[in-house]
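Read the structure below first, then the notes.
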Amino acid sequence: METTDRPGYLIKQAQLALNAHMSRALHDQGVTLSQFAVLTALDDEPGLSNAELARRAFITPQSMNENLRELEARTWIRRSPHPVHRRILRIELTEEGRATLQACDAAVTVIEQQMLAGLDAGQRRELAAALHSCIAALKPAQPDAAEAP
């Protein structure tokens with residue numbers, strides 16, 4: 001099999017092309033890819049912690065701290081103490097953050113539609129299912145609760 005036909009190579013090429021287009025579109029909104037990932041995660045699940053957001057955005061907790069400071073300075077997020085665990089800060093989108101996310105999401109949707117233009121609805125579903133299957137096959141096994149120390 002030629003290197004350029006290997007699945008890992010093709011996935012990486014698609015990811016690089018998608019990231020390049022998304023970065024340009026998000027730059028026009030004044031947002032980075034990491035910031036977009038954070039805003040999206042908070043829209044999906046308000047109140048996520050710094051560590052949870054870092055995992056979702058594929059960045060380190062230290063980089064997440066920098067991202068959160070920037071997002072807070074722009075008034076796109078607000079942090080407040082958890083009602084029970086006061087040392088944990090809950091992070092939520094503000095209305096301004098939600099409006100920014102909507103503009104970014106619209107720009108990203110155009111790019112995703114362009115990327116998938118050559119596929120019909122059935123092929124799009126098959127692609128999503130195949131990618132989910134690939135991800136599941138390579139996810140590290142979760143330790144069984146009974147095996148945990």
Side-chain angles (χ1 to χ4, degrees), residues 1-79 88-145 147-149:
M1 175 184 291
E2 300 236 359
T3 299
T4 55
D5 291 332
R6 295 180 70 102
Y9 180 85
L10 293 170
I11 289 169
K12 185 63 175 179
Q13 289 298 309
Q15 185 244 344
L16 289 171
L18 178 61
N19 280 359
H21 284 273
M22 285 176 56
S23 290
R24 280 193 295 276
L26 293 172
H27 182 267
D28 294 342
Q29 304 295 327
V31 178
T32 66
L33 276 171
S34 294
Q35 291 169 341
F36 176 66
V38 171
L39 295 174
T40 301
L42 287 172
D43 189 51
D44 288 345
E45 282 189 70
L48 290 173
S49 71
N50 181 335
E52 292 164 324
L53 284 170
R55 281 190 291 279
R56 294 269 186 100
F58 306 105
I59 61 176
T60 66
Q62 295 79 12
S63 293
M64 181 54 66
N65 283 329
E66 294 170 24
N67 271 284
L68 292 176
R69 278 193 292 276
E70 175 69 21
L71 294 173
E72 195 170 34
R74 291 178 164 199
T75 68
W76 293 348
I77 64 164
R78 77 168 105 6
R79 296 191 260 190
I88 297 174
L89 292 177
R90 294 173 41 109
I91 306 163
E92 299 175 318
L93 289 178
T94 62
E95 287 305 314
E96 192 174 341
R98 200 165 273 105
T100 299
L101 175 59
Q102 287 175 346
C104 292
D105 193 53
V108 168
T109 297
V110 169
I111 293 164
E112 290 172 337
Q113 289 172 343
Q114 177 186 355
M115 179 180 71
L116 299 172
L119 304 177
D120 64 33
Q123 291 170 315
R124 289 176 185 203
R125 282 190 300 275
E126 288 174 8
L127 175 61
L131 290 171
H132 280 291
S133 178
C134 291
I135 293 164
L138 294 175
K139 268 194 175 176
Q142 298 297 320
D144 190 8
E147 295 175 17

Evaluate R74 against E70 for salt bridge (Lys or Arg N to Asp or Glu O under 4.0 Å), listing each step before the verdict. CA-CA 6 Å; R74 291 178 164 199; E70 175 69 21; 2.8 Å; yes
| query | Passes side-chain contact (heavy atoms from CB on, under 4.5 Å), T32 versus N67? Steps please. | reply | CA-CA 9 Å; T32 66; N67 271 284; 4.2 Å; yes
Audit row: E72, R69, salt bridge (Lys or Arg N to Asp or Glu O under 4.0 Å) steps and yes/no:
CA-CA 5 Å; E72 195 170 34; R69 278 193 292 276; over 6 Å; no
For this session: Check the pair L48 / I91 against side-chain contact (heavy atoms from CB on, under 4.5 Å), numbers first and verdict last.
Result: CA-CA 6 Å; L48 290 173; I91 306 163; over 6 Å; no
For a side-chain contact (heavy atoms from CB on, under 4.5 Å) check, start with the C-alpha distance between R79 and E92, then their side-chain angles and the critical distance, and finish with the verdict. CA-CA 7 Å; R79 296 191 260 190; E92 299 175 318; over 6 Å; no
Please table the atom pairs, donor to acceptor, closer than 3.5 Å between any side-chain atom in residues 17-28 and protein atoms at least two apart or in another chain.
unit_1 : atom_1 : unit_2 : atom_2 : d
H21    : ND1    : R24    : NH2    : 3.4
S23    : OG     : N19    : O      : 2.9

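For E66, there are no side-chain hydrogen bond (donor to acceptor under 3.5 Å, both in side chains) partners at least two apart in sequence or on another chain.
G30 approaches Q35 most closely through the heavy-atom pair O-OE1, 4.0 Å. Scanning both residues, Q123 and G118, for their nearest heavy atoms gives OE1-O, 3.9 Å. Taking all atoms of both residues into account, the shortest heavy-atom contact from L10 to D5 is CD1-O, 3.7 Å. The heavy-atom pair separating Y9 from T4 by the smallest distance is CD2-CA, 3.5 Å. Closest heavy-atom contact between R78 and L93: NH1-O, 3.2 Å. Nearest approach of A41 to L53, heavy atoms of both residues: CB-CD2, 3.8 Å.
Here L119 contributes atom CG and R125 contributes atom CZ; the two are 11.5 Å apart, rounded to the nearest 0.5 Å. Here D105 contributes atom CG and L39 contributes atom CG; the two are 10.5 Å apart, rounded to the nearest 0.5 Å. In this structure, E45 CD and T40 OG1 are separated by 12.5 Å, a value rounded to the nearest 0.5 Å. Distance check, rounded to the nearest 0.5 Å: OG of S49 to CZ of R90 gives 11.0 Å. Between atom CG of residue D44 and atom CZ of residue R56 there is a gap of 6.5 Å, rounded to the nearest 0.5 Å. F58 contributes atom CZ, which lies 11.0 Å from atom CE of M64 (distance to the nearest 0.5 angstrom).
Within the 4.5 Å cutoff, the side chain of L116 has heavy atoms near those of the L127 side chain.
Counting heavy-atom neighbours within 6.0 Å of R6 CZ, excluding the residue itself, gives a total of 12 or less.
Between R55 and E52, no side-chain nitrogen of the basic residue sits less than 4.0 Å from a carboxylate oxygen of the acidic one, so the salt-bridge criterion is not met.
Residue V31 forms a side-chain contact (heavy atoms from CB on, under 4.5 Å) with just one option from V38, T100, L101, and that option is T100.
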